[in-house]
Number of protein chains: 2
Amino acid sequence: MVQLPMTVAAKQKPVSNRERLLELAEQLVLQKGFASTSIEELIAGVGITKSGFFYHFKDKNDLARELMQRYLDENARQLDDIFNRAAELHDDPLASFLIGLKLFAELMDKVHDVHPGCIAAAVVYQDQLFDAEVRAMSAEGFLAWRKRFRGYLEEIAKRYPPKMDVDLQSLADALSAAVDGGIILSKALHERTALPAQIMHYRNYIKLLFEP
Amino acid sequence: MVQLPMTVAAKQKPVSNRERLLELAEQLVLQKGFASTSIEELIAGVGITKSGFFYHFKDKNDLARELMQRYLDENARQLDDIFNRAAELHDDPLASFLIGLKLFAELMDKVHDVHPGCIAAAVVYQDQLFDAEVRAMSAEGFLAWRKRFRGYLEEIAKRYPPKMDVDLQSLADALSAAVDGGIILSKALHERTALPAQIMHYRNYIKLLFEP
DNA sequence: GGGCAACTGTACCATAGGTGCAGTGTGGGG
DNA sequence: CCCCACACTGCACCTATGGTACAGTTGCCC
């Protein structure tokens, strides 16, 4: 649940002000929170007026909705990239998952000094600022991670019986927890290595649990 | 980094309005975020005027500072309770730590439907709402957890060589991550079992890593 | 009965989100 | 060449919230 870097491709045509608003908003929201990111700040950064902002977005919640959708789509795409690549590198589900986790940790290590943060998690601690729809989208994000990783884990468990009796759903959630917990640690302590380190601990746990 | 229930002892004298403001503020901040918790709401709940509020607190950041201090103190006290009790129940550092983690998970299971949340983590995603002092206190909270659990882990590692080469500091942080990640999951999905489940996964990891 | 803690009341200010609406410039299709 | 729609601008105005300033009041303790 972290913003990975954009593929540098695409984007020939000049970016619209709408796109630039979303881009800037995402950056600022992850840096300092949704409440502290003012509309005035956004329009000043992009160079339009308040009326211009409200032409594109019904209100601030509408912006949040678009931000969340963008984030979830991009996020899913990037996880596909990583774990499909991992599947190419090894046939075995356990080996491939471990490779994917390593790739994931490495990517977080590279990219994390830019703007660490997870939009879906950001919602959770600023509940009432967002309407029910945005909160539902945040929940969907977590459920998407659960579904994806539970799938991987079930394939692994079929071939490698786990050494302890574990619930695969909460084990899938444990990666979300490690990532979001890692982000919080990294932001609170200004230690950019905290996130990749937590992902690697999750990887260790998976290894110890399933490796014969 | 979760609010545990108050020991029912103490408090003969009538609670001051100041105390009631802090109590209510903590509840509301964990429920809906700091930005969404208005001063008007707090004074209405306690039954005083705005002037009364500003008599007690210089500004909203001052309230945040007091809230954080209260939280950190209470939190440290409760962890002491749990892990001292665990040490009483078993001499061996590994066995005792595993008992402590179980007690912790059980407590989170019991109490978590009341008001899940960690004030220290709440700060991280609402950065600019707080001044540098509050942010520093949040960081201190994470460092206190790191120090405490790193201590336990070092004693364990002395007696039981870990099965993998792990960094004990980030392994200590992994409990913070599991707890804060668990809280986020639990809040986002409205699944109160998510937090205790994540603590138990951390416990599993410790078991697999150190148990002979 | 003097003093201090713990307020109340009133007035006032700035910032931010938000609404409503009329007007404008510019590029592409008919 | 004209017209329309898109992407805005400008202006007026409203509300909520945090915050300041300060004078006055109440109740309890010494």
Side-chain angles (χ1 to χ4, degrees), chain A residues 11-29 31-68 122-123 125-135, chain B residues 11-29 31-68 122-123 125-135:
Chain A
K11 298 284 166 59
Q12 306 306 70
K13 50 179 73 176
V15 270
S16 64
N17 280 340
R18 191 170 196 281
E19 211 51 43
R20 295 173 61 212
L21 280 171
L22 286 167
E23 206 87 30
L24 181 58
E26 177 163 320
Q27 210 179 304
L28 294 180
V29 165
Q31 243 172 59
K32 26 179 250 171
F34 189 71
S36 314
T37 301
S38 70
I39 293 175
E40 249 111 33
E41 210 175 348
L42 294 175
I43 62 183
V46 167
I48 58 168
T49 63
K50 216 168 159 187
S51 311
F53 177 90
F54 286 105
Y55 172 76
H56 290 297
F57 305 101
K58 199 179 132 276
D59 51 27
K60 227 185 156 186
N61 240 294
D62 195 28
L63 174 75
R65 201 164 19 246
E66 295 289 304
L67 228 48
M68 183 68 82
V123 167
Y125 272 112
Q126 305 170 65
D127 221 29
Q128 294 316 106
L129 287 178
F130 304 97
D131 63 22
E133 199 180 332
V134 174
R135 291 199 294 271
Chain B
K11 295 288 167 58
Q12 306 305 69
K13 51 178 72 176
V15 270
S16 64
N17 281 340
R18 191 171 197 280
E19 211 51 44
R20 294 173 62 212
L21 279 170
L22 285 167
E23 207 86 30
L24 181 59
E26 177 163 320
Q27 210 180 305
L28 294 179
V29 166
Q31 243 174 58
K32 28 179 251 172
F34 189 73
S36 315
T37 301
S38 71
I39 293 175
E40 250 111 33
E41 211 174 347
L42 294 175
I43 62 181
V46 168
I48 57 168
T49 63
K50 216 168 157 186
S51 312
F53 177 90
F54 285 104
Y55 172 74
H56 290 298
F57 305 101
K58 201 178 130 274
D59 52 25
K60 226 184 157 188
N61 239 293
D62 195 28
L63 174 74
R65 200 164 20 247
E66 296 289 305
L67 228 48
M68 183 67 83
V123 167
Y125 271 112
Q126 305 172 64
D127 220 30
Q128 294 314 106
L129 288 178
F130 304 98
D131 62 22
E133 198 179 331
V134 175
R135 291 199 295 271

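By convention in this document, chain letters (A, B, ...) are assigned in the order of the sequence lines, proteins followed by strands, and residues within each chain are numbered from 1. Keep in mind the model is a prediction, meaning the values are calculated, not measured.
Atoms CG (B/Leu42) and C1' (D/dG19) sit 15 Å apart, rounded to a whole Å. Between B/Asp59 atom CG and D/dG19 atom P there is a gap of 5 Å when expressed in whole angstrom units. The CZ-P distance, from A/Phe57 to C/dT19, rounds to 15 Å in whole Å. In this structure, B/Phe54 atom CZ and D/dG19 atom C1' are separated by 5 Å, rounded to whole Å. Distance, A/Leu21 CG to D/dA7 P: 13 Å, rounded to whole Å. At whole-Å resolution of the value, NZ in B/Lys50 and C1' in C/dA11 are 11 Å apart. Atom NE2 in A/His56 sits roughly 18 Å away from atom P in D/dA5 (whole-Å rounding). We find that CD of A/Glu40 is positioned 6 Å from P of C/dA16, with the value rounded to whole Å.
Considering only heavy atoms from C-beta on, B/Arg18 comes within 4.5 Å of B/Glu66 through its side chain. The side-chain heavy atoms of B/Leu63 and B/Leu42, taken from C-beta on, include a pair separated by under 4.5 Å.
Within the 3.5 Å criterion, the main-chain N or O of A/Ser16 finds no donor-acceptor partner in the side chain of A/Glu19. Between the side chain of B/Gln126 and the main chain of A/Ala35, no donor-acceptor pair closer than 3.5 Å is present. No donor-acceptor pair closer than 3.5 Å links the side chain of B/Arg135 to the backbone N or O of B/Val123.
Contact of A/Lys60 with C/dG18 (side chain to base): no donor-acceptor pair of N or O atoms is detected under 3.5 Å. Residue-to-nucleotide contacts include a donor-acceptor pair under 3.5 Å from the side chain of A/Ser51 to the base of D/dG10.
Contacts of B/Ser38 with the nucleic acid, taken as non-hydrogen atoms under 4.0 Å apart, involve only primed sugar atoms and P, OP1 or OP2. Looking at heavy-atom distances under 4.0 Å, B/Thr37 makes contact with sugar-phosphate atoms alone, never a base.
Across C/dC7, C/dG18, D/dA7, the shortest atom-to-atom separation from the side chain of B/Tyr55 is found for C/dC7. Ranking C/dG9, C/dA6, D/dG18 by closeness to the B/Thr49 side chain, first place goes to C/dG9.
For C/dC7, one of the phosphate oxygens OP1 or OP2 lies less than 4.0 angstrom from a side-chain nitrogen or oxygen of B/Asn17.
Remark on DNA chain C: of its neighbouring residues B/Gly47 and A/Asn61, the 5'-side contact belongs to B/Gly47, judged by nearest-heavy-atom nucleotide.
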